[in-house]
**Student:** 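Sharing a structure here in structure tokens format.
Starting from 1, each residue takes its place in the sequence as its number. Heavy atoms only: backbone and side chains are in, while hydrogens, waters and symmetry mates are out. The model shown is predicted, which means the values in this text are computed figures rather than measured ones.
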Amino acid sequence: MRDKFYELSIKTSEFYDEILELAFSFGITCLQELDDEIIIRDEDDLSQIEWGINEYAQRLSATLKKTNDVKTKLEVKENKDWINEYKKAVKPILLDKIYVRPSWEKELSGVTNIIIDPALAFGSGHHESTSSCLLFLQKYAKKGKKALDVGCGSGILSIALAKLGCDVDACDTDEQAIDSSKNNALLNEVNFHKIWIGSITNLNNKYDVVVANIIADVIFMLANDLKNSLNHDAYLMLSGILIKYEDRIKQTFKELELVEQKLLNDWVSFVFKKN
């Protein structure tokens, strides 16, 4: 642990969701959401992140013709083990019959326990997108089915699929995400059939369940690959999507049957079926 760490405060009400989505796309390792404020902490210098956020805010302001109210403040602070301080604020969460808990919390009997020591909000079960996916998986992922987790992150959805009895493949373009998924799989005593660094472009395999909890822009880029990865009667679950992209998602995947969608705050998730 280093002696110092960087703390970047981003205050905005006008572009909160857009900045939050951008921060997730950077692969931030520790992010805290407050009312009209996002706080990023890291032991590495966050100057370039701050610059990118301000540039993005200026472009958003010009494009959307809205006032740029983004204010950033970058500070260097004494390192008082902020990761453990962050962990103290994270509580277990029960989503139907899946209980997501950090390793220091006791197991809950009568349900499926998933141990995740939190880093990314997307990967701890507390973010709306991950919560929706975990609820969907319990309805549509059945034992013995072949499943694919695109953009596996912490591995939480891959682990849930494995505990539900699926034969699981997983991928992510971030090497650290792959390492995290493998470590969390060991922690949860599950195995993946295959896990790789990269995406699903030109993937020849077909699956019964495909889940992609990633930002909307990447989903649009991978739309054809996602469709091509589906067996007949397969389910495709899409999440990590801001409500403003709802109509575009429906149009992009219109040849599939829309089975279900769930809206939690500003995040919308979908279940499509290939008939």
**Student:** Under the 3.5 angstrom rule, does the side chain of D174 hit a backbone N or O of Q176 as a donor-acceptor pair?
**Tutor:** yes

**Student:** Kindly compute the distance separating CG (L148) from CG (D167), expressed to the nearest 0.5 Å.
**Tutor:** 11.0 Å

**Student:** Are L226 and F253 close enough, and set up right, to give a side-chain contact (heavy atoms from CB on, under 4.5 Å), and what steps lead you there?
**Tutor:** CA-CA 10 Å; L226 289 167; F253 294 90; 4.3 Å; yes

**Student:** With Y16, which residues qualify under side chain to side chain donor-acceptor pair (under 3.5 Å), at least two apart?
**Tutor:** none

**Student:** Any chance you could lay out the side-chain contact (heavy atoms from CB on, under 4.5 Å) test for R41 and K77, step after step, and finish with the verdict?
**Tutor:** CA-CA 10 Å; R41 300 182 180 94; K77 296 187 173 183; over 6 Å; no

**Student:** Taking N68 for the side chain and V70 for the main chain, is one N or O donor matched with an acceptor at less than 3.5 Å?
**Tutor:** yes

**Student:** Considering residues at least two apart in sequence or located in another chain, which fulfil the side chain to side chain donor-acceptor pair (under 3.5 Å) criterion with K145?
**Tutor:** none

**Student:** Restricting to pairs with a member in residues 219-230, which pass salt bridge (charged side-chain N to carboxylate O under 4.0 Å, His left out), not counting sequence neighbours?
**Tutor:** K227-E255

**Student:** Around atom CD of E55, are there more than 12 heavy atoms of other residues, nucleotides or ligands at under 6.0 Å?
**Tutor:** yes

**Student:** If a pair satisfies salt bridge (charged side-chain N to carboxylate O under 4.0 Å, His left out) and one of its residues is in residues 228-252, list it, with sequence neighbours excluded.
**Tutor:** E18-K244, E246-K250

**Student:** How about T252 and I219: do any of their side-chain heavy atoms sit closer than 4.5 Å?
**Tutor:** no

**Student:** Do I116 and L187 have side-chain heavy atoms sitting under 4.5 Å apart?
**Tutor:** no

**Student:** Give a yes or no on whether L242 and L31 share a hydrophobic cluster (residues Ile, Leu, Val, Met, Phe, Trp, Tyr; joining criterion: side-chain heavy atoms under 4.5 Å apart).
**Tutor:** yes

**Student:** Can you find a pair of side-chain heavy atoms, one from S181 and one from N184, that are under 4.5 Å apart?
**Tutor:** no

**Student:** Would you say L157 and L134 make side-chain contact, with heavy atoms under 4.5 Å?
**Tutor:** yes

**Student:** Does L95 share a hydrophobic cluster with V111, counting links as ILVMFWY side-chain heavy atoms below 4.5 Å and allowing steps through other members?
**Tutor:** no

**Student:** Rounded to the nearest 0.5 Å, what separates atom CD in E128 from atom OG in S131?
**Tutor:** 7.0 Å

**Student:** When hydrophobic residues are tied together by side-chain contacts of less than 4.5 Å, even through go-betweens, does L263 share a cluster with L20?
**Tutor:** yes

**Student:** Strictly by side-chain hydrogen bond (donor to acceptor under 3.5 Å, both in side chains), give each pair with a member in residues 190-203 just once, sequence neighbours left out.
**Tutor:** D169-H193

**Student:** Are the side chains of L161 and V211 in contact, using a 4.5 Å heavy-atom criterion?
**Tutor:** yes

**Student:** Looking at every non-hydrogen atom in both residues, tell me the closest pair between A216 and I241 and how far apart they are.
**Tutor:** CB-CG2, 4.3 Å

**Student:** For a quick test of your reading: what N or O donor-acceptor pairs under 3.5 Å do the side chains of residues 268-275 make, sequence neighbours left out?
**Tutor:**
| from | atom 1 | to | atom 2 | distance (Å) |
| --- | --- | --- | --- | --- |
| S269 | OG | S239 | OG | 2.5 |
| K274 | NZ | L230 | O | 3.3 |
| N275 | ND2 | E257 | OE1 | 3.0 |

**Student:** Of all residues at least two apart in sequence or in a different chain, which pass the salt bridge (charged side-chain N to carboxylate O under 4.0 Å, His left out) check with E50?
**Tutor:** none

**Student:** Return the set of residues passing side chain to side chain donor-acceptor pair (under 3.5 Å) with D172 (not counting sequence neighbours), or none when no residue passes.
**Tutor:** none

**Student:** For a side-chain contact (heavy atoms from CB on, under 4.5 Å) check, start with the C-alpha distance between L22 and S25, then their side-chain angles and the critical distance, and finish with the verdict.
**Tutor:** CA-CA 5 Å; L22 179 66; S25 73; 3.8 Å; yes

**Student:** According to side chain to side chain donor-acceptor pair (under 3.5 Å), who are the partners of D17, at least two apart in sequence or on a separate chain?
**Tutor:** none

**Student:** Shortest non-hydrogen contact from I214 to G151?
**Tutor:** CG2-CA, 4.0 Å

**Student:** On the 0 to 90° scale, with breaks at 30° and 60°, tag the F220-Y245 ring pair as parallel, tilted or perpendicular.
**Tutor:** perpendicular

**Student:** Do I159 and L186 belong to the same hydrophobic cluster, where Ile, Leu, Val, Met, Phe, Trp and Tyr are linked whenever their side-chain heavy atoms lie under 4.5 Å apart, directly or via other members?
**Tutor:** no

**Student:** Among residues two or more places apart or on two chains, list those pairs meeting salt bridge (charged side-chain N to carboxylate O under 4.0 Å, His left out) that have a residue in residues 196-224.
**Tutor:** none

**Student:** Any chain of hydrophobic side-chain contacts (each under 4.5 Å) joining L137 to L108?
**Tutor:** no

**Student:** Search all heavy atoms of C171 against all heavy atoms of I200 and return the closest pair with its distance.
**Tutor:** SG-CG2, 3.8 Å

**Student:** Take atom NZ in K146; do more than 12 heavy atoms of anything else shown fall under 6.0 Å from it?
**Tutor:** yes

**Student:** My understanding is that only residues two or more places apart in sequence, or in another chain, count here; which of them pass side chain to side chain contact (heavy atoms under 4.5 Å, CB included) with A170?
**Tutor:** D149, C152, S158, I195

**Student:** Is any side-chain heavy atom of D36 less than 4.5 Å from a side-chain heavy atom of D69?
**Tutor:** no

**Student:** Who passes ring pair (Phe, Tyr, Trp, His ring centres under 6.0 Å) against Y99, sequence neighbours left out?
**Tutor:** none

